Asks: 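Quick one: the structure is below, and I'll ask about it shortly.
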Amino acid sequence: MAEIAVQFVIQRLNDFLTQEAELLLGVDGRIRSLRDKLEWMHALLKDLHGNRRENDRVKVWVAQIREAAYDAEDIIDSYIFNIEKQRRETSAGFKRSIRSFACCIKDIPTIHNLGKKISDIERRLNQISSNRSDYGIGNIPALQEASSSSNQNQIWRQKRAPIVEEADVVGVEDETKTLVGQLIEGDARRVVVSITGMGGIGKTTLAKKVYNNIHVKKSFDFHAWVYVSQEYHVRELLVSIINYFTSLSRDEMDSTSEEVLGRKLFEYLEGKRYLVVIDDIWTRDAWDGLVAAFPDKAKGSRVLLTTRNEEIAKYADARSTPHKIRFLDESESWVLFCKKALPGNLAPSCPLNLEELGRKIIAKCGGLPLAIAVLGGVLSRKEKSVNEWDKVLKRVEWWLHESKEDGILGILALSYHDMPYYLKPCFLYFGAFPEDFEIPVAKLIKMWIAEGFVQRIGEEEVEDVAEDYLNELVGRSLIQVAERKSNGTAKTCCIHDLLHDLSIAKAKEEIFLEVYRNIASTSPMKARRLAITSGDISKSISLNRSIPHLRSLLHFSRDREMHFSRNREMLEKPQLKILVGAFKFLRVMHLQIHGISDLPDEIGYLIHLRYLCLKVRWLKSLPSTITRLSNLQTLDLRHTGVNKLPDDVWKMKQLRHLRLSKTSEKCKISESMQLHRLSNLQTLEVVEAGSWIEERLERMTNLRELGIMGDFKITLSHSLCKLNHLRSLWLEVSWGCNSILPLASFLNHQHLYNMSLSGTLEKLPSLHEFPPNLTQLNLERSQLERDPMGVLEKLPYLRMLTLCNVGCYKEMVCSVGGFRQLEHLWILNLDELEEWRVEEGAMPNLRFLEILKCRRLKMVPDGLGHVTTLRELVIKKMPEEFKERVREEGVDWFKIRRIPSLIIKGH
């Protein structure tokens with residue numbers, strides 16, 4: 001971890017020397033000397049990487065380097081902050097040029113103090129360097145070859161391997177069968193079926209296997225899954241379950257009490273046979289807060305619990321015997337180990353020369369799946385040699401017998417210390433998020449970059465390097481992919497709660513991050529980052545004198561989407577003003593708060609800020625001072641009401657991602673807002689269409705994600721042709737506008753995989769005009785006169801398709817061999833559609849289908865019975881005649897009866 005701290009300071013010093021050269025008269029030589037010393041120490045730290053936990057002398061020495069690097073960083077950032085403040089004051093008062101100002105300040109105390117502090121840091125580094133030889137640190141044999149350490153960037157890039165998904169589980173077939181029987185058979189009363197066992201044994205994995213079982217899906221009218229964990233709020237749990245059958249608006253969220261929510265859920269479930277999974281429940285109170293919402297009407301309903309505490313299971317249902325999940329036997333352990341350690345093998349096999357070592361390694365895991373998976377992840381990045389596997393075996397034995405961590409924690413700690421140095425801060429950052437939280441990957445990557453954990457390699461964009469980092473953590477079985485995009489990349493990810501605990505513990509040890517679940521004290525803290533996962537953000541104000549060095553302030557709600565209630569954390573504008581003034585070195589600020597409608601002007605003084613995400617519902621505008629944030633890379637305002645940006649936003653030269661709300665009034669681009677000068681901009685969404693498109697959009701050639709809404713009375717086609725790096729395109733004609741969506745040929749857009757077009761199309765693009773690698777397409781309000789399926793079914797990689805109110809045609813045909821890759825299909829609001837034909841051999845990989853409000857459609861296609869891959873069919877708001885045909889014993893029942901999950905809802 002010290003390597004990253006030193007590396008970041010070196011980069012800061014290089015930037016400092018380049019960007020502020022004229023303000024460093026007399027101390028530039030000292031700064032170069034400091035940089036050179038740190039570069040040597042950085043190289044040595046990389047050489048020693050891997051053995052510092054086994055040697056206390058190295059541990060102390062590394063801690064001293066880290067502390068000196070942090071102090072150097074504080075000195076630089078403080079100087080830049082003070083200089084920028086003086087610049088602004090001088091500019092406001094006298095309108096002097098920067099050059100004349102530089103001459104003015106070269107003799108003032110500021111530059112003298114900088115030189116003195118740098119000299120102090122140099123003396124400390126000299127002493128630390130002497131300590132290395134005085135205490136014999138240089139003679140410690142490295143457990144990792146220096147050459148391998150110095151070439152780690154090359155190693156991880158060469159060792160990308162196919163990811164083994166967490167669904168690849170072993171040893172649960174018999175247990176799955178037993179639990180399925182308990183759910184679909186037995187008493188008519190509401191029964192609580194419980195899965196118990198220690199952390200890491202696979203309770204959630206088994207529960208998912210049972211929950212997704214075909215027979216279970218068919219046996220219940222309603223299914224829901226809710227995570228509880230140690231940080232729970234009954235109100236949020238109720239909302240999570242309710243959202244399975246309806247979507248509550250934000251106003252309903254604000255106004256509905258916990259009692260009313262419980263009653264609403266009870267009334268919906270009453271009379272139904274339901275299954276609700278409550279995953280990772282820790283306390284009786286959590287069960288007591290939910291149980292009243294689950295009716296017991298002799299319908300055979302079930303609640304499935306997972307818990308580490310068997311007493312909780314017995315408390316929930318004294319008549320039901322908890323299912324205690326067993327450890328894997330030797331054979332099952334070996335299969336799982338081979339899948340993780342040797343990914344990509346067609347069968348779980350191992351080279352003969354490694355098998356004996358492999359079996360000794362898994363014996364140390366005691367049949368615990370998480371330990372086996374993590375150790376397999378460690379070995380998956382090693383050479384397949386006896387020497388490398390023997391090293392791992394010896395380290396496992398050392399950690400289990402000599403380290404302070406016992407058992408599973410020792411193995412997990414080994415996986416952390418085995419990581420290359422560049423991955424460690426990325427892993428530790430997971431501790432900042434709430435437990436059992438699905439983390440949006442795009443957000444996570446932007447935070448990593450803002451923190452300085454990821455550096456550009458060659459011509460590759462830093463976002464792509466960060467994505468590789470994430471994939472390596474997944475390959476090591478430390479992180480799980482929760483949801484994937486249509487192109488196969490990770491959309492959201494999560495971390496096992498034991499690994500989450502490890503990341504928090506190691507982050508605190510490394511003075512990297514402090515996590516406050518509830519702010520109850522004002523004790524001093526040394527960590528550079530503060531994450532608040534529960535409690536009132538306003539209490540953090542009282543800590544401001546204790547942590548002036550803070551670089552990141554993160555406040556998360558457990559909701560994936562930010563909902564507000566009357567009890568939600570409140571933060572008044574004066575408090576926010578104090579907070580901004582206290583944490584002047586912030587690089588990352590992520591706040592989910594309530595109670596403010598505008599930001600204080602003082603936010604413009606956070607000149608080191610690189611990432612700003614505000615989930616503040618009532619925020620309507622930004623102060624003009626926001627444009628002074630010259631280092632800002634990400635400005636995320638999706639969960640606000642902001643619909644106007646300051647005209648000078650183009651001065652934020654480092655801005656890479658600008659996200660605005662898709663629901664509020666769209667942001668207007670004025671003539672003076674020269675967005676095309678933001679040469680680094682990759683994300684721009686959602687903004688209002690206007691004349692700026694014709695003149696400026698084509699110059700924004702680095703855009704990867706673009707969202708535009710409005711009245712498209714402009715020439716868009718020419719500009720779109722120039723944006724060859726696009727990956728996602730979202731265009732929508734505003735309601736009430738009569739304009740036609742202007743499109744172009746996307747033949748040269750090799751990277752464009754996701755396209756959403758809402759509005760009248762002059763015609764459907766021909767096959768060769770679509771992006772060649774398109775995997776997701778949404779068409780809405782297209783006003784097509786002909787069935788589009790003949791063209792769309794030939795798109796070779798299309799996996800997700802939504803057709804919503806797209807035309808007035810009466811017949812739709814999916815031909816033999818069409819839609820070969822399609823997995824998800826939504827047919828919505830096709831008012832004129834009367835007949836839909838699916839020929840045998842069409843859509844051979846379809847897994848999900850939803851049909852909604854097609855009021856003239858007479859029946860489900862006959863050919864749907866040939867789509868054997870279909871796992872879920874949702875039918876909503878269809879005419880009664882249609883619903884009668886698809887109900888059990890209806891004339892169309894034979895077409896769909898084998899589908900595991902059938903959801904048929906009325907108006």
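In this text, all values refer to a predicted model and were calculated from it rather than measured experimentally. Reckoned from all heavy atoms, side chains included, excluding hydrogens, waters and symmetry mates. Positions are given from 1, in the same order as the sequence printed here.
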Asks: Over all heavy atoms of both residues, which pair between Ala507 and Leu428 is shortest? Give the atoms and the distance, please.
Replies: N-CD2, 3.8 Å
Asks: Which atom names give the shortest non-hydrogen contact between Ala224 and Tyr244, and what distance separates them?
Replies: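 Of all heavy-atom pairs spanning Ala224 and Tyr244, the closest is CB-CD1, 3.6 Å.
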Asks: Are the side chains of Leu269 and Phe245 in contact, using a 4.5 Å heavy-atom criterion?
Replies: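 Side-chain contact under 4.5 Å: no.
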Asks: Between atom CG of Asp436 and atom OH of Tyr227, what is the distance when rounded to the nearest 0.5 Å?
Replies: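 Output value for this atom pair is 7.0 Å.
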Asks: Examine distances only and state if a side-chain atom of Arg273 and a backbone atom of Asp221 form a donor-acceptor pair shorter than 3.5 Å.
Replies: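 Answer holds: no.
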Asks: For Glu173, is there an ion pair with Lys177 - N to carboxylate O distance below 4.0 angstrom?
Replies: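 Salt bridge between Lys177 and Glu173, a charged N being under 4.0 Å from a carboxylate O: no.
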Asks: Under the side-chain hydrogen bond (donor to acceptor under 3.5 Å, both in side chains) rule, collect the residues that match up with Ser415, sequence neighbours excluded.
Replies: none
Asks: Of all the heavy-atom pairs spanning Ile362 and Glu330, show the shortest one and how long it is.
Replies: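 Taking Ile362 first and Glu330 second, the nearest heavy atoms are CD1-O, 4.2 Å.
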Asks: Around atom CZ of Arg847, are there more than 12 heavy atoms of other residues, nucleotides or ligands at under 6.0 Å?
Replies: no
Asks: Are Lys506 and Glu510 within salt-bridge range, i.e. N to O under 4.0 Å?
Replies: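 Looking at Glu510 together with Lys506, the answer is no, because their closest N to O distance does not fall below 4.0 Å.
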Asks: Under 3.5 Å, side chain of His824 to main-chain N/O of Thr802, donor-acceptor pair present?
Replies: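 Not confirmed, His824 side chain does not pair with Thr802 backbone.
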Asks: I'd like to know if the side chain of Asn212 and the backbone of Lys208 have a donor-acceptor N/O pair within less than 3.5 Å.
Replies: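 Indeed, once roles are kept as given, a pair shorter than 3.5 Å links the two residues.
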Asks: Quick one: does Asn754's side chain get under 4.5 Å of Lys485's, heavy atoms only?
Replies: no
Asks: For Glu451 and Ser552, does a side-chain donor sit closer than 3.5 Å to a side-chain acceptor?
Replies: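 Note: Glu451 and Ser552 side chains meet the donor-acceptor criterion.
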Asks: Heavy atoms only: give me the nearest Gly431-Val515 pair and the separation to one decimal.
Replies: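 For Gly431 and Val515, the tightest heavy-atom pair comes out as O-CG2, 3.3 Å.
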Asks: Could you grab the distance from atom CZ of Arg476 to atom CG of Leu375, nearest 0.5 Å is fine?
Replies: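 Spacing of CZ (Arg476) from CG (Leu375) equals 12.0 Å.
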Asks: Got a sec, which residues hit side chain to side chain contact (heavy atoms under 4.5 Å, CB included) with Ile214, two or more places apart in sequence or on another chain?
Replies: Lys218, Pro900
Asks: Are the side chain of Tyr315 and the backbone N or O of Thr283 linked by a donor-acceptor pair below 3.5 Å?
Replies: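 Judged by distance alone, no pair lies under 3.5 Å.
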Asks: Parallel under 30°, tilted from 30 to 60°, perpendicular over 60°: which one fits the rings of Tyr268 and Phe222?
Replies: perpendicular
Asks: Please confirm whether the backbone N or O of Arg659 pairs with a side-chain atom of Arg638, one donor and one acceptor, at under 3.5 Å?
Replies: no
Asks: Determine yes or no for a side-chain-to-main-chain donor-acceptor pair under 3.5 angstrom, with Arg302 supplying the side chain and Gln182 the backbone.
Replies: yes
Asks: State, yes or no, whether a side-chain contact exists between Arg484 and Arg799 at a heavy-atom distance under 4.5 Å.
Replies: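 A side-chain contact is absent here, since even the closest heavy-atom pair is not under 4.5 Å.
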Asks: Does any donor atom in the side chain of Tyr232 or Asp285 lie under 3.5 Å from an acceptor atom in the other side chain?
Replies: no
Asks: Could you measure the distance from the CG atom of Asp280 to the NE2 atom of His496? Nearest 0.5 Å is fine.
Replies: 8.0 Å
Asks: Please walk me through it: do Asp187 and Arg319 pass salt bridge (Lys or Arg N to Asp or Glu O under 4.0 Å)?
Replies: CA-CA 11 Å; Asp187 293 351; Arg319 289 186 283 171; 5.3 Å; no
Asks: Carefully, step by step, assess Leu591 and Val616 under the rule side chain to side chain contact (heavy atoms under 4.5 Å, CB included).
Replies: CA-CA 8 Å; Leu591 297 181; Val616 187; 5.6 Å; no
Asks: Using a 4.5 Å cut-off on heavy atoms from C-beta on, say whether the side chain of Leu423 contacts that of Tyr469.
Replies: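 A side-chain contact under 4.5 Å exists here.
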Asks: How about CD on Glu270, more than 12 heavy atoms from neighbouring residues, nucleotides or ligands closer than 6.0 Å, or not?
Replies: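 Counting other residues, nucleotides and ligands, CD of Glu270 exceeds 12 neighbours.
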Asks: Working to the nearest 0.5 Å, report the span between CD of Glu872 and CD of Glu850.
Replies: 9.0 Å
Asks: Answer yes or no: are there more than 12 heavy-atom neighbours, outside Arg189 itself, under 6.0 Å from its atom CZ?
Replies: yes
Asks: Are Arg263 and Glu267 close enough for a salt bridge, meaning some N to O gap below 4.0 Å?
Replies: no
Asks: Can Ile361 and Leu379 be said to form a side chain to side chain contact (heavy atoms under 4.5 Å, CB included), step by step?
Replies: CA-CA 10 Å; Ile361 289 170; Leu379 288 165; 3.8 Å; yes
Asks: Between CD of Glu514 and CD1 of Ile532, what distance do you get to the nearest 0.5 Å?
Replies: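 Interatomic distance, Glu514 CD to Ile532 CD1, rounded to 0.5 Å: 11.5 Å.
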Asks: I'd like to check the side chain to side chain contact (heavy atoms under 4.5 Å, CB included) partners of Cys493; sequence neighbours left out, ordered by chain and number.
Replies: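 Counting only residues at least two positions away or on another chain, Cys493 forms a side chain to side chain contact (heavy atoms under 4.5 Å, CB included) with Phe430, Ile439, Val441, Leu444, Leu470, Ile479.
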Asks: Would you say that more than 12 heavy atoms from the other residues, nucleotides or ligands in this model lie under 6.0 Å from the CG of Asp329, or not?
Replies: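 It does: Asp329 CG has more than 12 such atoms within range.
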Asks: Given side chains that start at C-beta, do those of His590 and Lys443 come closer than 4.5 Å, heavy atoms only?
Replies: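 They are in contact (side-chain heavy atoms under 4.5 Å apart), so the answer is yes.
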Asks: Should Phe427 and Leu502 count as side-chain neighbours, where that means a heavy-atom distance under 4.5 Å?
Replies: yes
Asks: Report yes if some heavy atom in the side chain of Glu175 is under 4.5 Å from a heavy atom in the side chain of Ile325; otherwise report no.
Replies: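 They are in contact (side-chain heavy atoms under 4.5 Å apart), so the answer is yes.
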Asks: Donor-acceptor pairs under 3.5 Å, side chain of residues 190-197 to any protein atom, not counting sequence neighbours: which ones?
Replies:
from, atom 1, to, atom 2, distance (Å)
Arg190, NH1, Phe294, O, 2.5

Asks: What are the two closest heavy atoms between Leu336 and Pro369, and how far apart are they?
Replies: CD2-O, 3.8 Å
Asks: Determine whether Tyr211 and Leu304 satisfy the following criterion, side chain to side chain contact (heavy atoms under 4.5 Å, CB included), listing intermediate values before the conclusion.
Replies: CA-CA 9 Å; Tyr211 181 73; Leu304 179 61; 5.5 Å; no
Asks: Walk me through whether His555 and Tyr516 qualify under side chain to side chain contact (heavy atoms under 4.5 Å, CB included).
Replies: CA-CA 10 Å; His555 179 251; Tyr516 287 179; over 6 Å; no
Asks: Classify the side-chain pair Asp279/Thr306 by whether it contains a donor and acceptor separated by less than 3.5 Å.
Replies: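 There is such a pair between these side chains.
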Asks: Would you say that Ser229 contacts Phe437 through its side chain, given a criterion of any heavy-atom pair below 4.5 Å between the two side chains?
Replies: no
Asks: Taking 4.0 angstrom as the limit, do Arg235 and Glu258 come out as a salt bridge?
Replies: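 Salt bridge absent between Arg235 and Glu258.
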Asks: Run the side chain to side chain contact (heavy atoms under 4.5 Å, CB included) test against Ala432 and tell me which residues pass, sequence neighbours left out.
Replies: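 With sequence neighbours excluded, Ala432 shows a side chain to side chain contact (heavy atoms under 4.5 Å, CB included) to Leu513, Ala531, Leu554, given in chain and number order.
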Asks: Roughly how far apart are Ile241 CD1 and Leu290 CG, rounded to 0.5 Å?
Replies: 5.5 Å
Asks: Aromatic rings Phe848 and Trp826: how do their planes relate, parallel, tilted or perpendicular, breaks at 30° and 60°?
Replies: tilted
Asks: Please find the pair of heavy atoms, one from Gly367 and one from Ser333, that lie closest to each other, and give the distance.
Replies: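 Distance-wise, the nearest heavy atoms are CA-OG, 3.8 Å.
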Asks: Okay, side chain of His223, backbone of Lys217: is any donor-acceptor separation there less than 3.5 Å?
Replies: yes
Asks: Quick one: list whatever passes side chain to side chain contact (heavy atoms under 4.5 Å, CB included) with Arg308, sequence neighbours left out.
Replies: Lys203, Trp282, Asp497, Leu498
Asks: With no hydrogens and no angle check, do the side chains of Thr489 and Asn487 hold a donor and an acceptor under 3.5 Å apart?
Replies: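 Thr489 vs Asn487: donor-acceptor pair found between side chains.
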